[in-house]
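Worksheet for the structure shown next.
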Amino acid sequence: MKYWLAKTEPDVYSIDDLARDGKTLWTAVRNYQARNFLREMKRKDRVLIYHSNAEPPGLAGIAEVSEEDMADPTQFDKAGEYYDPKATREQPRWFCPEVRFVKKLPELVSLDRLRLHKSLVGLLLLQKGSRLSVIPVSKEHFHAMLELSKVK
DNA sequence: GCCAACGTTGGC
DNA sequence: GCCAACGTTGGC
């Protein structure tokens, strides 16, 4: 089982939206490196849900991969913001997993708090200029972040 | 293949 | 709203 971290802007789609929906297609990622990570996600992989462009930014919850490597339907929607004229049904360019809500953290674990923890050194999220919306997370980092989420 | 111009991300 | 740090596009 692998571990991941996926960013979302809570104004657009928050952990509460995922809790309400139960599951959702993780669509609209338009970056090749992130796309390649999305394609590697396998059923049962755990996904930390991170709120970006939020006040404050930080970890909001946990999800689980429920379907692997599907063609992202938003690339075919001509009227949509994420339409890609170069994508075809036969040869899609963009892919997405489906993720299922697992839990909302009792409190958001802020980016500031993550930065304070030596156990998280090397986490891609914390590297300067890291804008990738989907990143792999080591088992150790994943569990370290879960520890931080426990209310003291 | 280079690279300038432009677009996006995301913290602050 | 600003802007650093990217990524993408397209002319050459």
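For clarity, every value in this text was computed on a predicted model and none was experimentally measured. Note on naming: letters A, B, ... go to the chains in the order of the sequence lines (proteins, then strands), and numbering restarts at 1 for each one.
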[N] [atom2] sits how many Å from [X] [atom1], rounded?
| X | N | atom1 | atom2 | result |
| --- | --- | --- | --- | --- |
| E55(A) | dG1(C) | CD | P | 16 Å |
| D11(A) | dT9(B) | CG | C1' | 15 Å |
| Q127(A) | dG10(B) | CD | C1' | 16 Å |
| Y32(A) | dG7(B) | OH | C1' | 15 Å |
| E9(A) | dC12(B) | CD | P | 15 Å |
| F37(A) | dG7(C) | CZ | P | 12 Å |
| R113(A) | dG11(B) | CZ | C1' | 19 Å |
| K128(A) | dG10(B) | NZ | P | 17 Å |

query: Does K7(A) have a side-chain nitrogen or oxygen under 4.0 Å from the phosphate oxygens OP1 or OP2 of dT9(B)?
result: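 No, outside the criterion.
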
field: Phosphate contact (dG11(B) OP1 or OP2) by Y50(A) side-chain N/O below 4.0 Å
entry: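 Indeed, a polar side-chain atom of Y50(A) lies that close.
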
- request: May I ask you to check if R89(A) and F76(A) form a cation-pi contact, with NZ or CZ under 6.0 angstrom from the six-membered ring centre and within 45° of the axis?
  value: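 Here R89(A) passes the 6.0 Å and 45° test against F76(A).
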
Residue whose nearest DNA chain C nucleotide is more 5′ - K86(A) or N31(A):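 Mapping each residue to its closest nucleotide by heavy atoms, the 5'-most match is N31(A).
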
message: Both R131(A) and R93(A) contact DNA chain C. Taking the nearest nucleotide for each, which residue is further toward the 5' end?
response: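 That would be R131(A).
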
task: Would you please classify the geometry between the Y3(A) ring and the H143(A) ring as parallel, tilted or perpendicular, with 30° and 60° separating the classes?
output: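 Perpendicular: the ring planes of H143(A) and Y3(A) meet at over 60°.
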
message: Treating D72(A) as the side-chain partner and T27(A) as the backbone partner, does any N or O pair qualify as donor plus acceptor under 3.5 Å?
response: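 Here the side-chain-to-backbone pair does not exist.
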
field: Criterion side-chain contact (heavy atoms from CB on, under 4.5 Å) against L5(A), the qualifying member of L124(A), V134(A), L132(A), L59(A)
entry: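 Option passing the side-chain contact (heavy atoms from CB on, under 4.5 Å) with L5(A): L59(A).
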
